[in-house]
Enquirer: 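Here it is, the structure, as structure tokens.
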Number of protein chains: 2
Amino acid sequence: MDAAKRRRLETAGWRVGDTADFLELTSQEAELIEVKLALGDYLRQVRREHRWTQTQVAERIGSSQSRVAKMEAADASVSLDLVMKSLFSLGVTTRDVGRVIGRPA
Amino acid sequence: MDAAKRRRLETAGWRVGDTADFLELTSQEAELIEVKLALGDYLRQVRREHRWTQTQVAERIGSSQSRVAKMEAADASVSLDLVMKSLFSLGVTTRDVGRVIGRPA
DNA sequence: ACATCGTATGTCAGACCTGACATATCTTCA
DNA sequence: TGAAGATATGTCAGGTCTGACATACGATGT
């Protein structure tokens with residue numbers, strides 16, 4: 001796992017030990033986080049393509065700017081349910097979501 | 001939407017109005033449920049391929065038989081996070097998950 | 001009929017996630 | 001540089017999900 005991603009996980013609030021015992025995250029948790037990172041990135045991409053601000057997206061999906069920021073950052077406090085529902089609210093299809101998940105960054 | 005699926009959603013605890021105003025479920029909620037149904041079916045499929053009982057799966061993923069049953073039934077009380085984490089615990093890859101989501105039943 | 005095993009359904013206390021808000025940190029542009 | 005808009009981070013009360021348990025339902029074999 002490269003340093004940049006590790007930094008990103010740590011900042012996002014996931015408790016990542018030092019390099020050696022990184023696997024205090026069990027592997028299935030790691031895969032779940034992988035998915036959240038991918039969907040968070042995708043959410044940001046879709047938002048930017050539409051030239052929307054986080055605040056505009058928040059209104060559209062009935063949430064708040066801070067939560068949108070957290071989704072994009074794959075913060076430990078956001079659920080997959082919320083991210084997916086948000087993507088669907090922005091017009092993304094299940095097909096797109098499947099593609100994004102199936103091809104981890 | 002066909003009758004069988006509707007019955008399934010209702011039994012699973014989703015408040016589905018009568019046929020006409022089915023869309024008291026907003027479309028993004030409907031898509032999310034679509035995803036949960038697909039993953040629930042897939043979980044059951046994987047479990048059966050391994051000839052495991054729900055109880056055995058529960059032990060493996062650190063949960064209970066009842067929750068496994070609810071995941072397979074796409075019960076309204078289960079999160080996507082839980083279903084995905086469970087699938088990963090059973091050895092399914094992100095690629096598989098992506099495929100399942102991308103091809104709604 | 002009646003056990004036994006697997007699955008379904010209901011409930012609940014405690015854990016977790018949510019929107020909202022406050023506030024801090026970029027970014028951009030004059 | 002400074003002001004303004006956008007994004008990030010922290011916190012919290014209230015709502016949601018969780019594992020566990022009890023119990024009901026369904027097959028399958030005797």
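Just so it is clear, the model here is predicted, and its values are computed rather than measured. So that the names make sense, note that chain A is the first sequence line, chain B the second, and so on, each numbered from 1. Atom set for the values below is all heavy atoms of this structure, side chains included, hydrogens, waters and symmetry mates excluded.
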Enquirer: With a cut-off of less than 4.0 Å, is there a side-chain N or O of B:Ser66 near OP1 or OP2 of C:dT9?
Expert: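 For C:dT9, OP1/OP2 do not have a side-chain N/O of B:Ser66 under 4.0 Å.
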Enquirer: Between A:Arg47 and B:Leu80, just flag the one whose closest nucleotide in DNA chain D comes earlier from the 5' side.
Expert: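 Taking each residue's closest nucleotide, the earlier one in sequence belongs to A:Arg47.
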Enquirer: B:Lys70 or B:Arg44: which one's nearest nucleotide on DNA chain C is closer to the 5' end?
Expert: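 The residue mapped nearer the 5' terminus is B:Arg44.
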Enquirer: The side chain of B:Thr53 is closest to which nucleotide in this list: C:dG10, C:dT7, D:dT18?
Expert: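 It is C:dT7.
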Enquirer: Please check: side-chain N/O of A:Asp81 versus main-chain N/O of B:Ser79, any donor-acceptor pairing under 3.5 Å?
Expert: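 Pair absent, no side-chain N/O of A:Asp81 close to backbone of B:Ser79.
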Enquirer: Can you check the A:Ile61 CD1 to C:dC17 P distance for me, whole Å?
Expert: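 Distance, rounded to whole Å: 17 Å.
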Enquirer: For B:Ser63, which contact category applies under a 4.0 Å heavy-atom criterion: base, sugar-phosphate, or nothing?
Expert: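 The answer is sugar-phosphate, as B:Ser63 gets under 4.0 Å only of primed atoms, P, OP1 or OP2.
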Enquirer: Checking all strands, does B:Ser79 fall into the base, sugar-phosphate, or nothing category for heavy-atom contacts under 4.0 angstrom?
Expert: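 The answer is sugar-phosphate, as B:Ser79 gets under 4.0 Å only of primed atoms, P, OP1 or OP2.
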Enquirer: So, does the side chain of A:Gln54 form a donor-acceptor pair with the base of D:dA8 at under 3.5 Å?
Expert: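 Side chain to base: no pair below 3.5 Å.
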Enquirer: Whole angstrom is fine here: how far is it from CD in A:Glu72 over to C1' in C:dT25?
Expert: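 Atom CD in A:Glu72 sits about 16 Å away from atom C1' in C:dT25.
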Enquirer: Nearest-Å distance, CG (A:Leu32) to P (D:dC17)?
Expert: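 Interatomic distance, CG of A:Leu32 to P of D:dC17: 16 Å.
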Enquirer: Select from A:Gly62 and B:Trp52 the residue whose nearest nucleotide in DNA chain C is closer to the 5' end of that strand.
Expert: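 The residue whose closest nucleotide sits nearer the 5' end is B:Trp52.
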Enquirer: To the nearest angstrom, how far is B:Leu82 atom CG from C:dC16 atom C1'?
Expert: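 So the two atoms are 12 Å apart, to the nearest Å.
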Enquirer: Could you state the CD-P distance from B:Gln65 to C:dA8, rounded to the nearest angstrom?
Expert: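 It is 8 Å, rounded to the nearest whole Å.
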Enquirer: Could you give the CZ-to-C1' distance, from B:Arg67 to C:dT11, as a whole number of Å?
Expert: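 Rounded to the whole Å, the gap is 11 Å.
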Enquirer: Taking side chain as C-beta onward, heavy atoms only, is A:Arg67 less than 4.5 Å from A:Lys70?
Expert: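 Yes; the side chains approach each other to less than 4.5 Å.
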Enquirer: I'd like to know whether B:Val68 forms a side-chain contact (heavy atoms from CB on, under 4.5 Å) with B:Glu59, so could you lay out the CA-CA distance, the side-chain angles of the two residues, the decisive distance to 0.1 Å, and finally the verdict.
Expert: CA-CA 10 Å; B:Val68 174; B:Glu59 283 163 4; over 6 Å; no
Enquirer: Rounded to whole angstrom units, what separation is found between the CG atom of A:Asp75 and the P atom of D:dC12?
Expert: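 Computing the A:Asp75:CG to D:dC12:P distance gives 16 Å.
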Enquirer: Contact between A:Ile61 and A:Met71 at the side-chain level, heavy atoms closer than 4.5 Å - yes or no?
Expert: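 Yes, their side chains come closer than 4.5 Å.
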Enquirer: Which part of the nucleic acid does B:Val68 contact within heavy-atom distance under 4.0 Å: base, sugar-phosphate only, or nothing?
Expert: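 No contact.
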Enquirer: Does the A:Arg47 side chain pair with the main chain of A:Trp52, one donor and one acceptor, at a distance under 3.5 Å?
Expert: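 The answer is yes, because a donor-acceptor pair under 3.5 Å joins these two groups.
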Enquirer: Just how far, in rounded Å, is P of D:dT16 from NZ of B:Lys36?
Expert: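 Between P of D:dT16 and NZ of B:Lys36: 12 Å.
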